[in-house]
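Step one of this worksheet: look at the structure below.
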Amino acid sequence: MATPSTQPASATAPATLKVPRHIGLIMDGNGRWAKSRSLPRAAGHKAGVENLRRIIRACVELGIQHLTIYAFSTENWARPVDEVKGLLFLLDQVLDNELQELHREGVQIRHIGRVDGLADSTRRKLESAVAMTQNNTRLVLNVGFNYGGRAEIVNAIKQMLADGVTSDEVSEELIDRYLYTAGQPDPDLIIRTAGELRVSNFLLWQGAYSEYYAADVYWPDFDKNELLKALEHFNSRERRFGKTSEQLV
Ligand code: FPP
């Protein structure tokens, strides 16, 4: 879906600020944050989770309706075994410790990504978090865990073939319906922390017309103020969706 979408922010933001309906978040820089403090990388990921909690709350307060986070990519399996184990452990911890609070705040949890490679116990926790929160409506939180944009497209094509979709039936709308994010608006804004200008296989299809914002701080330091800066920047952009400026007035 390529429909642009913004709405006025809730009372906690400047009155004139329009917030995007859907934000994507590439939470980069945990390792560098830890290194800059002479801490192990695991401490950076732990601080990253703590920050995630704050940013989800801020998004709920601001009235953002969809938030997609990139927590573990299909490529992250190539990291040192201990780091991978640590990230898998953090997912378990988040599901064990944060679920009730997220549920209370009206967050609907969805998993985007493959379940292969996840322990059975983790899969069950994910499934029950998704089931428990499925009727919540304040914020849809897409948790990208074992997620890759290319893998998602491959998965969609395989599913379409398995369903006997013919070439005449293939359209952008149909492909949308086979993605993990089926039924959700495309991200209006994708924020990447730690200053890098890379897409890193995140929401490749859905991000076709997203505005990108590179925050110059490591993820654990990306606070509500930084989020508001990203939103102000987003508000200053002219989204043309292939048209000219003159056509938009
Ligand atoms: C990138 O920083 C961050 C990640 C690969 C993981 C992001 C994960 C979290 C914030 C916590 C996990 C969240 C859940 C829901 C379990 P990096 O390690 O690439 O940092 P660097 O580029 O500075 O080394």
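Along the sequence shown, residues are numbered consecutively beginning with 1. Order of listing sets the numbers, starting from 1, for every ligand and every atom in it.
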ask   = Does Glu232 come within less than 4.0 Å of Lys229, counting only side-chain N to carboxylate O?
value = no
salt_bridge(Asp28, Arg192) N-O dist < 4.0 Å = yes
task = With heavy atoms of Trp219 as the reference, note each atom of ligand 1 found under 4.0 Å away.
result = 10 (C)
ask   = Is the shortest N/O to N/O distance between Trp33 and ligand 1 below 3.5 Å?
value = no
request  = May I ask you to identify the nearest protein heavy atom to atom 22 (O) of ligand 1, giving residue, atom name and distance to one decimal place in Å?
outcome  = Arg32 NH2, 2.9 Å
key: Basic-acidic side-chain contact under 4.0 Å: Arg138, Glu105   = no
key: Nearest neighbour in protein (non-hydrogen) for atom 14 (C) of ligand 1   = Ala71 CB, 3.8 Å
query = Any donor and acceptor pair, going by atom type alone, linking the side chain of Asn136 with main-chain N or O of Val107 inside 3.5 Å?
reply = yes
query = For residues Asp186 and Trp205, is any side-chain donor paired with an opposing acceptor at under 3.5 Å?
reply = no
inquiry  = Less than 4.0 angstrom from a charged side-chain N to a carboxylate O is my criterion; do Arg104 and Glu101 meet it?
reply    = yes
query = Are the side chain of Thr181 and the backbone of Gln184 linked by a donor-acceptor contact shorter than 3.5 Å?
reply = no
message = Any carboxylate oxygen within less than 4.0 angstrom of a Lys/Arg side-chain nitrogen, looking at Glu196 and Arg32?
response = yes
query = Atoms of ligand 1 less than 4.0 Å from Asn76 heavy atoms?
reply = 5 (C)
query = Would you call Gly29 a ligand 1 contact, heavy-atom distance under 4.0 Å?
reply = yes
query = Looking only at protein heavy atoms, which one is nearest to atom 1 (C) of ligand 1, and how far off is it?
reply = Met27 O, 3.2 Å
message = Please list the nearest protein heavy atom to atom 10 (C) of ligand 1 with its residue and the distance rounded to 0.1 Å.
response = Asn30 ND2, 3.4 Å
inquiry  = Among all the protein's non-hydrogen atoms, which is closest to atom 20 (O) of ligand 1, and how far away is it?
reply    = Gly31 N, 3.0 Å
inquiry  = Could you identify the single nearest non-hydrogen protein atom to atom 11 (C) of ligand 1 and state the distance to 0.1 Å?
reply    = Val49 CG2, 3.5 Å
query = So which heavy atom in the protein is nearest atom 19 (O) of ligand 1, and how far is it from that ligand atom?
reply = Arg79 NH2, 2.8 Å
ask   = Does Arg41 come within less than 4.0 angstrom of ligand 1, counting non-hydrogen atoms of the residue?
value = yes
